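These notes concern the structure reproduced below.
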Amino acid sequence: MKRLAIFFTSTIIIVQFLASCNNATYDHYVQIDDGKWDKNHAAKFVVPIEDTLTFYKVFLNVRNDARYPYRNVYFFMDLIDPSGKVQRDTIDIDIADQHGKWLGSGLGEIKHNRILLSPSVHLSQKGNYTFLIEQAMRKDTLVGLRDIGIRIEKNKTN
């Protein structure tokens, strides 16, 4: 009985420690139906920001499978601030090396890539920031992308 109590106590401490290591303010994914992304479908993320004094790191998360036919992927990303102002960026990321070996982490056919888009963004208005992400590969339907995500972390160095 004593061992069981020690086991549960240790487990709780480890879980609390791991949870405290996660400094993500926002971390969400949109699943792409059947891994087929239509060029007219944007993944939408609404990020509530209350702390306007902090600087943030912004990451793009991409999960792909072996059906994806290219080394890289282009995205259009719109950032809409709470006042409605839109900023559009074109993003090009490599998800395979020049020999076709998948980059990122993961076992099996699904690979996960986390790409730092900006190390220090100041979101100066309180409210909801909307991120819209579209595939921009000049294909009506892009096969092999499974999930797209946004991760926002507080930048501890600023």
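By convention here, the first residue in the shown sequence is residue 1. Quantities reported herein were computed from a predicted structural model and do not represent experimental measurements.
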Taking all non-hydrogen atoms of both residues into account, name the closest pair between K139 and Q135 and its distance. O-NE2, 2.9 Å
Which of these passes side-chain contact (heavy atoms from CB on, under 4.5 Å) with Y68: V62, V143, V73? V73
Taken to the nearest 0.5 Å, the spacing of I152 CD1 from H28 NE2 works out to 10.5 Å
Does the pair I49 and Y26 meet the rule for a side-chain contact (heavy atoms from CB on, under 4.5 Å), with working shown? CA-CA 9 Å; I49 296 295; Y26 183 89; over 6 Å; no
Answer whether the closest heavy-atom distance between the side chains of R146 and R67 falls below 4.5 Å. yes
Can you list, pair by pair, the side-chain donor-acceptor contacts under 3.5 Å of residues 30-38, counting residues two or more places apart and other chains?
unit_1	atom_1	unit_2	atom_2	d
W37	NE1	H41	O	2.8
D38	OD1	N40	N	2.7

Exercise answer: donor-acceptor pairs, residues 83-98 side-chain atoms, under 3.5 Å, sequence neighbours excluded:
unit_1	atom_1	unit_2	atom_2	d
S83	OG	D81	OD1	2.6
R88	NE	D78	OD1	2.6
R88	NH2	D78	OD2	3.3
R88	NH2	E134	OE2	2.8
D92	OD1	N72	ND2	2.9
D92	OD2	Y74	OH	3.4
D97	OD1	H99	N	2.9
D97	OD1	G100	N	3.0
D97	OD1	K101	N	2.9

Taking the side chain as every heavy atom from C-beta outward, state whether P48 and N128 have any atom pair closer than 4.5 Å. yes
List in chain and number order the residues that pass salt bridge (charged side-chain N to carboxylate O under 4.0 Å, His left out) with R63, two or more places apart in sequence or in another chain; answer none if no residue qualifies. D147
Under the ring pair (Phe, Tyr, Trp, His ring centres under 6.0 Å) rule, collect the residues that match up with Y129, sequence neighbours excluded. none
Got a sec, which hydrophobics cluster with L116, joining ILVMFWY side chains under 4.5 Å apart, including via others? F59
Members other than L103 in its cluster, when Ile, Leu, Val, Met, Phe, Trp, Tyr link by side-chain heavy atoms under 4.5 Å? none
Please table the atom pairs, donor to acceptor, closer than 3.5 Å between any side-chain atom in residues 104-113 and protein atoms at least two apart or in another chain.
unit_1	atom_1	unit_2	atom_2	d
K111	NZ	G106	O	2.6
H112	NE2	Y29	OH	2.7
N113	OD1	G104	N	3.3

Supply the atom-to-atom distance M77 CE to L132 CG, rounded to the nearest 0.5 angstrom. 10.0 Å
Partners of S124 by side chain to side chain contact (heavy atoms under 4.5 Å, CB included), sequence neighbours excluded? H122
Any residue meeting ring pair (Phe, Tyr, Trp, His ring centres under 6.0 Å) with F45, in chain and number order, not counting sequence neighbours: none
How long is the gap from CG on N64 to OH on Y70, to the nearest 0.5 Å? 13.5 Å
To the nearest 0.5 angstrom, please state how far the CG atom of L79 sits from the CD1 atom of I133. 10.5 Å
With sequence neighbours left out, write down each residue that passes side chain to side chain contact (heavy atoms under 4.5 Å, CB included) with K154, or none if nothing qualifies. T25, D51, T54, Y56
Which residues share a salt bridge (charged side-chain N to carboxylate O under 4.0 Å, His left out) with K39, sequence neighbours left out: D140
To the closest 0.5 Å, what do you measure between CG (N61) and CZ (R151)? 7.5 Å
As an exercise, state the distance from CG of L145 to CE of M137, rounded to the nearest 0.5 Å. 8.5 Å
Nearest non-hydrogen partners of I148 and A43, listed with the distance: CG2-CB, 3.4 Å
Shortest non-hydrogen contact between S120 and F55, atoms and distance: OG-CD2, 3.3 Å
Would a distance-only check, ignoring hydrogens and angles, find a side-chain to backbone donor-acceptor pair under 3.5 Å from N155 to V121? no
